[in-house]
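Written out below as structure tokens is the structure these notes cover.
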Amino acid sequence: MSEEAKQTCYEGCNVNSFQFYLQKSGEHEAIVKCLQNILPAEFQRIGAGKSNLDVLGVGSGGGEVDAQILSLLQSAFPSVPVTADIVEGSSQLTDNFKALIVKTANLQKIQFSWHITSSEDYEKQVEAKGDIKKFDFIHMVQMIYYLNNLSESIKFHHSLLKNNGKLMIIVEAANSGWDILWKTFAKELCKCGSIDEYRSSGEVIACLKEQGLKFEEHPVPNSFDITECFDQSSVTGERLLSFMTGRDHFSESFTPEVRAGILDLLRNKCSTEKDGKVFFNSNLSCIYVHA
């Protein structure tokens with residue numbers, strides 16, 4: 001695995017932190033609910049009259065969302081062969097994905113190709129090879145934050161679409177709690193970890209408009225309880241704050257002033273309070289780009 005891939009994905013303890021966040025946030029459940037509403041009809045349009053269907057997952061992680069996408073595709077076309085190319089920089093998460101396939105009977109019918117590398121390295125490999133595989137459906141779920149060049153990556157993946165194909169990008173929504181937190185404290189949070197430049201749906205949509213691409217946007221509402229983040233003795237609160245700021249140890253990573261500023265922002269600008277609990281605005285956006 002390339003040095004770049006190591007820097008732009010989850011490995012080791014970061015995988016555990018990521019899984020902890022998913023458990024607490026309900027993010028995947030919110031995404032899956034959106035996909036179940038949108039994808040069946042879209043897949044009928046994409047796959048109409050085709051004898052095989054090819055899917056590319058970019059930054060697929062442990063495959064939880066991919067499994068839902070591929071299951072919906074198979075439900076739409078149960079007798080059509082499906083291939084899935086998976087680009088994921090984390091070998092640990094790729095192993096988790098492979099273990100998920102073993103436990104999921106319908107996924108075992110799909111022909112998988114694994115690319116354990118960063119998305120940028122995958123782009124270089126494809127362009128160097130010359131024999132470019134095209135896809136009916138490409139998805140980039142919660143991974144654009146790790147791209148070096150968002151505009152070029154969108155242009156590249158859009159070029160891989162077959163006629164009538166679709167590119168789906170799921171990203172944190174503009175003006176969500178994430179957007180406010182990471183842009184307010186950009187100096188402290190960016191360039192110190194794996195994210196050099198924070199982006200939300202606003203930046204993605206600006207790129208799509210600049211390239212003249214046709215797209216539609218679907219809201220993915222979500223929030224989760226961060227009340228324990230304001231209890232200095234809470235292990236759960238410390239773990240959530242560490243993930244949300246991209247640090248191994250939140251309480252040790254910032255000056256007292258910056259920690260206080262982050263906590264104040266989280267409570268007063270990024271969240272709503274109800275019945276004594278603080279709920280972080282973690283809305284997402286599902287952006288559907290046409291070939």
Side-chain angles (χ1 to χ4, degrees), residues 2 4-5 8-9 35 38-39 42-61 63 65-70 72-74 76-77 80-90 94 97 110-171 199 201 203-218 285-291:
S2 73
E4 181 182 4
T8 57
C9 68
L35 298 183
I38 296 170
L39 288 185
E42 288 296 342
F43 282 157
Q44 289 292 343
R45 283 192 281 272
I46 291 170
K50 293 183 177 176
S51 57
N52 66 288
L53 293 163
D54 301 303
V55 176
L56 173 62
V58 186
S60 291
V65 174
D66 293 59
Q68 297 291 329
I69 291 170
L70 293 168
L72 289 169
L73 182 59
Q74 287 181 312
F77 297 98
V80 175
V82 175
T83 74
D85 281 63
I86 305 300
V87 178
E88 170 55 51
S90 167
T94 300
F97 195 161
I110 295 171
Q111 178 185 334
F112 284 89
S113 296
W114 304 97
H115 310 272
I116 305 176
T117 185
S118 70
S119 59
E120 269 96 356
D121 280 354
Y122 173 75
E123 292 175 29
K124 292 172 188 172
Q125 291 165 15
V126 168
E127 289 169 342
K129 190 166 60 172
D131 180 21
I132 297 177
K133 181 178 179 180
K134 300 276 186 169
F135 297 92
D136 300 286
F137 188 71
I138 301 173
H139 58 87
M140 308 171 77
V141 178
Q142 283 289 62
M143 59 74 61
I144 66 150
Y145 321 104
Y146 306 100
L147 296 172
N148 289 333
N149 190 315
L150 174 63
S151 181
E152 287 301 313
S153 189
I154 288 175
K155 186 183 298 183
F156 169 80
H157 288 98
H158 187 263
S159 75
L160 299 185
L161 291 174
K162 296 182 190 178
N163 290 339
N164 204 36
K166 299 292 186 291
L167 167 63
M168 182 182 75
I169 301 171
I170 294 182
V171 60
R199 306 165 180 125
S201 61
E203 285 71 34
V204 175
I205 287 171
C207 278
L208 296 174
K209 287 181 176 178
E210 186 181 330
Q211 294 179 27
L213 299 177
K214 184 181 177 185
F215 68 92
E216 57 205 54
E217 184 180 13
H218 302 272
S285 178
C286 176
I287 302 167
Y288 216 68
V289 188
H290 302 260

Please assess Gln74 against Ile110 for the test side chain to side chain contact (heavy atoms under 4.5 Å, CB included), listing each intermediate value before the final yes or no. CA-CA 9 Å; Gln74 287 181 312; Ile110 295 171; 3.4 Å; yes
Inset, instruction - Might you work through the side-chain hydrogen bond (donor to acceptor under 3.5 Å, both in side chains) test for Thr83 and Lys133, ending with a clear yes or no? - result: CA-CA 11 Å; Thr83 74; Lys133 181 178 179 180; 3.1 Å; yes
task: Test side chain to side chain contact (heavy atoms under 4.5 Å, CB included) on Leu53 and Phe137 and set out the steps.
output: CA-CA 8 Å; Leu53 293 163; Phe137 188 71; over 6 Å; no
Checking Leu70 against Phe112 for the side chain to side chain contact (heavy atoms under 4.5 Å, CB included) test, could you report, in this order, the C-alpha distance in whole Å, the side-chain angles of both residues, the deciding distance, and whether it holds? CA-CA 11 Å; Leu70 293 168; Phe112 284 89; 3.9 Å; yes
Exercise for the section: With side chain to side chain contact (heavy atoms under 4.5 Å, CB included) as the test, would you mind laying out the steps for Glu203 and Val171 before giving the verdict? Expected result: CA-CA 10 Å; Glu203 285 71 34; Val171 60; over 6 Å; no
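A donor-acceptor pair shorter than 3.5 Å can be found between the side chains of Ser285 and Glu217.
Taking NZ of Lys162 as the start and CD1 of Ile138 as the end, the distance is 10.5 Å to the nearest 0.5 Å. Interatomic distance, CG of Leu213 versus CG of Leu167, reported as 8.5 Å (0.5 Å rounding). Rounding to the nearest 0.5 Å gives a distance of 11.5 Å between CG of Asp54 and CG of Leu160. Between Lys50 atom NZ and Asn163 atom CG the span is 7.5 Å, to the nearest 0.5 Å. Note that the CD1 atom of Ile86 and the OG1 atom of Thr94 stand 9.0 Å from one another [nearest 0.5 Å]. Atom CD in Glu123 sits 5.0 Å away from atom CZ in Phe156 (nearest 0.5 Å).
For Gln111, there are no side-chain hydrogen bond (donor to acceptor under 3.5 Å, both in side chains) partners, not counting sequence neighbours.
The heavy-atom pair separating Gly59 from Glu88 by the smallest distance is C-OE1, 3.4 Å. What you find for Ile116 and Ser90 is that their closest heavy atoms are CG2-C, 4.3 Å. Nearest heavy-atom pair, Ala76 versus Phe43, reported as atom, atom and distance to 0.1 Å: CB-CB, 4.1 Å. Residues Asp66 and Phe97 come closest through the heavy atom pair CB-CZ, 3.6 Å. Of all heavy-atom pairs between Ser119 and Met143, the closest is OG-CE, 3.9 Å. The shortest heavy-atom contact between His139 and Ser60 is CE1-OG, 4.0 Å.
Residue pairs meeting the salt bridge (Lys or Arg N to Asp or Glu O under 4.0 Å) criterion with at least one partner in residues 141-154, sequence neighbours excluded, are Glu152-Lys155.
Relative ring orientation between His290 and Tyr288 is described as perpendicular, the plane-to-plane angle rising above 60° on a 0-90° scale split at 30° and 60°.
Annotation: side chain of Arg199 is not in contact with side chain of Val204 (no heavy-atom distance under 4.5 Å). Between Ile170 and Leu35, the closest side-chain pair of non-hydrogen atoms falls below 4.5 Å. In this structure the side chain of His157 never reaches within 4.5 angstrom of the side chain of Val289, judged on heavy atoms. Met168 has its side chain out of reach of Ile38: every pair of non-hydrogen atoms, C-beta onward, lies at least 4.5 Å apart. The closest side-chain heavy-atom distance from Asp136 to Leu73 is not below 4.5 Å.
Counting heavy-atom neighbours within 6.0 Å of Gln125 CD, excluding the residue itself, gives a total above 12.
Remark: the backbone N or O of Ser159 is paired with a side-chain donor or acceptor of Lys134 at under 3.5 angstrom.
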